[in-house]
Protein chains: 2
Amino acid sequence: MPVTIYDVAREAGVSMATVSRVVNGNPNVKPLTRKKVLSAIERLGYRPNAVARGLASKKTTTVGVIIPDVSSLFFSELARGIEDIATMYKYNIILCNSDQRLEKELQLINTLLEKQVDGLLFMGAEIKEDHLQALKSASVPTVLAATRDADNTLPSVTIDHFQAAYDATRELIDHGHKRIAMITGPMNDPLGGLIRYEGYKRALQDAGLPLDEALVAHGNFFYESGLKATAQFLTLTERPTAVFAANDEMAIGAIHAAQDAGLQVPRDLEVIGHDNIRLVEMVRPRLTSVVQPMYDIGAVAMRLLTKYMNNEQVDEHVVLLPHRIEHRESTRPRETADS
Amino acid sequence: MPVTIYDVAREAGVSMATVSRVVNGNPNVKPLTRKKVLSAIERLGYRPNAVARGLASKKTTTVGVIIPDVSSLFFSELARGIEDIATMYKYNIILCNSDQRLEKELQLINTLLEKQVDGLLFMGAEIKEDHLQALKSASVPTVLAATRDADNTLPSVTIDHFQAAYDATRELIDHGHKRIAMITGPMNDPLGGLIRYEGYKRALQDAGLPLDEALVAHGNFFYESGLKATAQFLTLTERPTAVFAANDEMAIGAIHAAQDAGLQVPRDLEVIGHDNIRLVEMVRPRLTSVVQPMYDIGAVAMRLLTKYMNNEQVDEHVVLLPHRIEHRESTRPRETADS
DNA sequence: CTGTTAGCGCTTTCAC
DNA sequence: GTGAAAGCGCTAACAG
């Protein structure tokens, strides 16, 4: 039923090999022959079968992407960066949601390898020994995006999460705050959760400020948890005067909790978020946030993966992208800062 | 290098056919034989090659998904619904961003067909003759998600956009408003743009209200455009007292524009959005919005596609999911409404 | 520059 | 229940 390379060959009066050459842009074809083939292709409406090609060439020009949740504001931005660069290099992506469940992640790795992807892009919170094991069984390269494994066994693209959290906290300290609260991510998330908390603690410590457990709440990255944590903070007799949230959604929750309590941001409570998702511009006051360049992380990770897939030389297997703080109205300008 | 079905056959002392049967769960295998094969698979670490399988069986258990932009709050939610159901039916998805550019859409359709996807899920604003043409050249089924073609040539899953916009406008009319503004989507988007505008116009007309062109702004679905449009509305001598925006992002922009102008929502301006994305809960006041069940649309579309792919009987090729208005604080409760 | 010839790893009749 | 054998549609040596 469908027209094959063989049909085209017959129609053009050449061999399959020649058709294959034309289709693949091999220069070793006489212009006239090429023209004949092209016209036969046109006439027959030939469409190369990528599956057959994949079997014969052992390349599928497809990469597997494991993502916790595409509908997340954070990850969908990453996914876009990944796909754009993939397209640029003629790859397609098979996208799979893992919900960060270990079992599902492992199963997805396996499925993707069965599908003979040329490479794997992995996003997720924690990289366990199981992941390393599963990935090692693959003959294809893997790159981690927005995360990394503890020993840097795998190539990865991230920012310096510790430093980013440190900087954010430091910023609040510099504004004269003594009681700075933090809404962390889940503590079983090494980078998004634990390390940012460590950065916060270190910054306090370096500034000689005490760590008050009452000012630390463990959130789950969702708006609601930021809202609740902050509402709770505000019931304390010694309330915090600033909050650092491990992501923007929770930070926005913090702003709203403050407003719901009749406080003004940043006058009564300064708030700083993390990631700088598009949402930060869609709140009043607009949210100051640590910029994690999601799109770029995805793009760089994919670019890195193409290098591995092409056996190109790679000097930096572990890439750290720069971060910075984008100042908006949820924090006071430095000049006018006071406690 | 990689272990093939042939290796397993030899190791287990059976034929490839038998291994194939075991792998595919064919019941016609003696339990003992099955056990031998399974153990050989285990021992060798055999992983079936889905590409070879795809070539031989002409099924890839992969569907192509064309999406305008995964990083969009609206579409990423749809994508999640699609992927979840795909997973449920053992399909993987190749996800491609089209940015709604016709040329890219057509090219993606072609690429996906080359990759021998078993089906196609298409999201986009306008379905042109070109699309129909390209899709027709495929021997695989296509389902449209959150859109449909003018003649319902293709199966689709949507809500009744006209009625949804009508209902939203009607709601504001019922609150006693005489000057109701609308921020539309792009007019070249038949459903998200044009039809919602038609619904708005009809509602006004049915209520005997005049259509004031000064109260209609054409936005682009982004926050900024809602912000600007509303700021503009508020400079009018006869300001609107209510706004209906064609999506939530613009509606949130409307809220902020009002607040920036020192007005209170909903007291001075009622705002109603469209889609009910997750963001509506993350603004103050929280946004009243027309619920378009994105996740469900994706899920139902994918489910429908599985039916076509399995040649199952389908009675409803064009499915309309119900919509409703979710009332929040950006509109006044009906009881206390006044002009 | 072009054609011949093996496969790629699996499914699928068709026999037995 | 099981095996033999013929492809699926293409690429990739290898010859010429």
Side-chain angles (χ1 to χ4, degrees), chain A residues 1-38 40-41 44-62 90 111 113-118 138-140, chain B residues 1-38 40-41 44-62 90 110-111 113-118 139-140:
Chain A
M1 186 71 223
V3 14
T4 73
I5 200 172
Y6 184 72
D7 301 324
V8 176
R10 196 152 29 81
E11 173 81 9
V14 299
S15 73
M16 313 172 28
T18 300
V19 178
S20 175
R21 288 191 187 96
V22 171
V23 169
N24 294 301
N26 185 319
N28 289 29
V29 181
K30 206 197 305 181
L32 178 63
T33 314
R34 179 184 309 279
K35 218 180 117 201
K36 277 196 303 191
V37 172
L38 253 17
I41 287 176
L44 267 43
Y46 169 66
R47 172 184 292 139
N49 181 326
V51 171
R53 175 182 295 174
L55 183 59
S57 70
K58 304 194 163 304
K59 287 192 184 318
T60 54
T61 61
T62 303
K90 314 284 188 200
T111 302
L113 292 178
E114 285 188 3
K115 296 227 166 168
Q116 311 299 120
V117 294
D118 293 339
S139 51
V140 301
Chain B
M1 183 75 223
V3 13
T4 73
I5 199 173
Y6 184 72
D7 301 324
V8 176
R10 196 150 31 81
E11 173 81 10
V14 299
S15 73
M16 313 171 30
T18 300
V19 177
S20 175
R21 290 192 185 95
V22 170
V23 169
N24 294 301
N26 184 318
N28 288 32
V29 181
K30 205 195 308 180
L32 178 63
T33 314
R34 179 184 308 280
K35 216 179 119 203
K36 277 196 301 189
V37 172
L38 252 18
I41 286 177
L44 267 42
Y46 169 66
R47 172 184 293 138
N49 180 327
V51 172
R53 174 181 295 174
L55 183 59
S57 70
K58 306 195 162 304
K59 285 192 184 322
T60 54
T61 60
T62 303
K90 313 283 188 201
N110 199 47
T111 302
L113 293 177
E114 284 189 1
K115 295 228 167 171
Q116 311 297 121
V117 293
D118 293 338
S139 50
V140 301

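Only a predicted model underlies this, so the values are computations on that prediction, with no experimental measurement involved. Here is the naming used below: chain letters follow the sequence lines, and residue numbers restart at 1 for every chain.
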Ignoring hydrogens and angles, are the base of D/dG9 and the side chain of A/Arg47 linked by a donor-acceptor pair under 3.5 Å?
no

Return the nearest nucleotide to the side chain of B/Lys30; candidates are D/dT2, C/dT2, D/dT11.
D/dT2

Expressed as a whole number of angstroms, how long is the span from B/Lys115:NZ to D/dC10:C1'?
15 Å

Just the rounded figure in Å: distance from P of D/dA13 to CG of A/Asn26.
12 Å

Derivation and outcome, side chain to side chain donor-acceptor pair (under 3.5 Å), residues B/Thr60 and B/Lys115:
CA-CA 9 Å; B/Thr60 54; B/Lys115 295 228 167 171; over 6 Å; no

Under 4.0 Å between a side-chain N or O of B/Ser20 and OP1 or OP2 of C/dC10?
no

In terms of side-chain heavy atoms of B/Thr18, which of C/dG9, D/dA4, D/dT2 is nearest?
D/dT2

Taking CG from A/Asn49 and C1' from D/dC8, how many angstroms apart are they, rounded to a whole number?
8 Å

What is the distance, rounded to the nearest whole Å, between atom OH of B/Tyr6 and atom P of D/dG7?
20 Å

Does B/Tyr46 put a side-chain nitrogen or oxygen below 4.0 Å from OP1 or OP2 of C/dC10?
yes

In whole Å, what is the span from the CE atom of B/Met16 to the P atom of D/dA6?
13 Å

Across the strands shown, which category fits A/Val14 at heavy-atom distances under 4.0 angstrom: base, sugar-phosphate, nothing?
sugar-phosphate

Is the shortest side-chain N/O distance from A/Asn28 to OP1 or OP2 of C/dT2 below 4.0 Å?
no

Nucleotide D/dC10, atom P - distance to CZ of A/Arg10 in whole Å
13 Å

Kindly say if A/Ser57 contacts the phosphate of D/dA12, meaning a side-chain N or O under 4.0 Å from OP1 or OP2.
no

Of the listed nucleotides (D/dT11, D/dG3, C/dG9), which one gets closest to any side-chain atom of B/Ala17?
D/dG3

Within the structure, does a side-chain N or O atom of B/Lys59 lie under 4.0 Å from either OP1 or OP2 of D/dC8?
no

It should be established whether B/Lys58 places a side-chain nitrogen or oxygen under 4.0 Å from OP1 or OP2 of nucleotide D/dG9.
yes

Counting just side-chain N and O atoms, does A/Thr33 come under 4.0 Å of either OP1 or OP2 of C/dC1?
no

So, B/Asn28 and B/Arg21: side-chain donor and acceptor under 3.5 Å apart, yes or no?
no

According to a strict under-4.0 Å criterion, is A/Arg53 in side-chain N/O contact with OP1 or OP2 of D/dG9?
no

B/Gly13 vs B/Ala56, nearer the 5' end of DNA chain D by closest nucleotide
B/Gly13

Output yes when at least one side-chain N/O atom of B/Ser15 is less than 4.0 Å from OP1 or OP2 of D/dG3, else no.
yes

Do A/Arg47 and A/Pro2 have side chains that get closer than 4.5 Å, going by heavy atoms?
no

In a check of side-chain contact (heavy atoms from CB on, under 4.5 Å) between B/Ser20 and each of B/Asn24, B/Val22, B/Thr18, B/Val23, which one passes?
B/Asn24

Return the value, rounded to whole Å, for the distance between atom CZ of A/Arg21 and atom P of D/dC10.
15 Å

Could you walk me through whether B/Glu11 and B/Leu44 pass the side chain to side chain contact (heavy atoms under 4.5 Å, CB included) check?
CA-CA 8 Å; B/Glu11 173 81 10; B/Leu44 267 42; 3.7 Å; yes

A/Asp7 versus A/Tyr46: any side-chain heavy-atom pair under 4.5 Å?
no

Using whole Å, what does the distance between atom C1' of nucleotide D/dG9 and atom CG of B/Leu113 come to?
16 Å

